[in-house]
Number of protein chains: 2
Amino acid sequence: MDKDTDKKLKSRNIKPTAMRELVLKVLTEQKTAISLPELEDKFVYADKSTLYRTLKTFEDKKLIHSIDDGSGAIRYAVCQDTCECNPDDLHVHFYCTSCKQTFCLNEISVPEINLPSGFSLKSVNMVVKGICINCR
Amino acid sequence: MDKDTDKKLKSRNIKPTAMRELVLKVLTEQKTAISLPELEDKFVYADKSTLYRTLKTFEDKKLIHSIDDGSGAIRYAVCQDTCECNPDDLHVHFYCTSCKQTFCLNEISVPEINLPSGFSLKSVNMVVKGICINCR
DNA sequence: AAAACTTTGCAACTCGGTTGCACCTGTTTT
DNA sequence: AAAACAGGTGCAACCGAGTTGCAAAGTTTT
């Protein structure tokens, strides 16, 4: 059992099962955002639905956030420690069309938008597509 | 046959078949972006794959643009006349979580982003989620 | 009018996501 | 300690969006 992952789970009110610890560990070691199918590949013996529900639980409890990068599969990445997934916490994501990896640009927060009057904002999904530094 | 739709198709180098004229007409009359499944509902007698390929053709020829609003289905909307779908042509989209409609905010272009060095930009998908003016 | 090419319709399939249900495991209650 | 309970996991099946191969229908070219 990893003390740190364990703590992290508890800090977000998630019961730390063996499965969850393993998933969180993979997510933490992962530098780029990962999709459910990709996660499945890393866990040959775990069931798809278990992994699915694990991700959903993590997302509900704001341990991870999801990114729809337009690749057809939703990807997930661990949130910053202080993140509450409010509009202020949102950052820009980068999708590399060459290596198909999705990066969290944590330093770049999504610009403010002045919506037409009558429209209210809840959240923003901003994905920049291009070529990443490794593929150039 | 509608002269205007016909002209519009030709101007983008698309052979104006009956099917395509009808689809373009629906897309033009539509105030919000529409998905393939939604389009299917409007064409009871047309085949899914035909509609699918029609949308793809339109998109290739830059008559329409696609929006991934995170709803699970890609939506399409007619481009502005001068649009070439370059990064400069890109505008923000608004997805209403109540009525599930997606609006093109044509007046609001996507803000510029300073990517980390080594990353190059090709396009941007920016979707703001919230409540639209009709649902408030 | 025949040949060549394009568009359309049908059917089947892929793949990501999702759910119902049974089983199992660990915890609480009696 | 046994029984009851709650929650987590695995299996199987399903859904819905998107996609493709192929044959039929329609157009264009020669």
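Below, chains carry the letters A, B, ... as their sequence lines are ordered, and counting in each starts from 1. In what follows, every heavy atom counts, from backbone to side chain, and hydrogens, waters and symmetry copies are set aside.
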So what does T17(A) hit on the nucleic acid, given a heavy-atom distance under 4.0 Å: a base, only sugar-phosphate, or nothing?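 Sugar-phosphate contact only - T17(A) comes under 4.0 Å of backbone atoms but never of a base.
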Which part of the nucleic acid, if any, lies within reach of S49(B) when heavy atoms closer than 4.0 Å are counted: base, sugar-phosphate only, or nothing?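 Base contact.
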Does dG18(D) have its OP1 or OP2 closer than 4.0 Å to a side-chain nitrogen or oxygen of Y52(B)?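 Indeed not, no polar side-chain atom of Y52(B) lies that close.
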Rounded to the nearest 0.5 Å, what's the gap from CZ on F43(B) to CE on M19(B)? Could you check?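 Result: 5.0 Å between the selected atoms.
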Donor + acceptor pair across side chains of T97(B), K122(A) (<3.5 Å):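 Side-chain D/A pair, T97(B) to K122(A): present.
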Look at D6(B) together with K10(B) and state whether they make a salt bridge at an N to O cut-off of under 4.0 Å.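 Looking at K10(B) together with D6(B), the answer is yes, because their closest N to O distance falls below 4.0 Å.
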Hey, is the side chain of R53(A) pairing donor to acceptor with the base of dG10(D) inside 3.5 Å?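 For R53(A), whose side chain was compared with the base of dG10(D), there is a donor-acceptor pair (under 3.5 Å).
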Can you find a donor-acceptor N/O pair under 3.5 angstrom joining the side chain of K48(B) to the base of dG9(C)?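 There is none.
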Please name the residue in the list D68(B), I34(B), D69(B) that meets the side-chain contact (heavy atoms from CB on, under 4.5 Å) test with T102(B).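 Among the candidates, only D69(B) passes.
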Let me know the distance between [atom1] of [X] and [atom2] of [N], rounded to the nearest Å.
X: D47(A); N: dG20(C); atom1: CG; atom2: P; value: 16 Å
X: D60(A); N: dG8(D); atom1: CG; atom2: C1'; value: 15 Å
X: L36(B); N: dC15(D); atom1: CG; atom2: C1'; value: 16 Å
X: D68(A); N: dG18(D); atom1: CG; atom2: P; value: 12 Å
X: R75(B); N: dG18(D); atom1: CZ; atom2: P; value: 10 Å
X: K56(B); N: dT8(C); atom1: NZ; atom2: C1'; value: 18 Å
X: L22(B); N: dT7(C); atom1: CG; atom2: P; value: 16 Å
X: R20(A); N: dG10(D); atom1: CZ; atom2: P; value: 12 Å

Using heavy atoms to find the nearest nucleotide of DNA chain D for L51(A) and K15(B) separately, return the residue whose nucleotide is more 5′.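 First, find each residue's nearest nucleotide; the 5'-ward one identifies L51(A).
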Does the plane of the ring in F119(A) sit parallel, tilted or perpendicular to the ring in F94(B)? Use 30° and 60° as the thresholds.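 The rings of F119(A) and F94(B) stand perpendicular, inter-plane angle above 60°.
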I want to verify a distance call: between dG17(C), dT8(C), dC10(C), whose nearest atom is closest to the I74(A) side chain?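 Nearest to the side chain of I74(A) among the choices is dG17(C).
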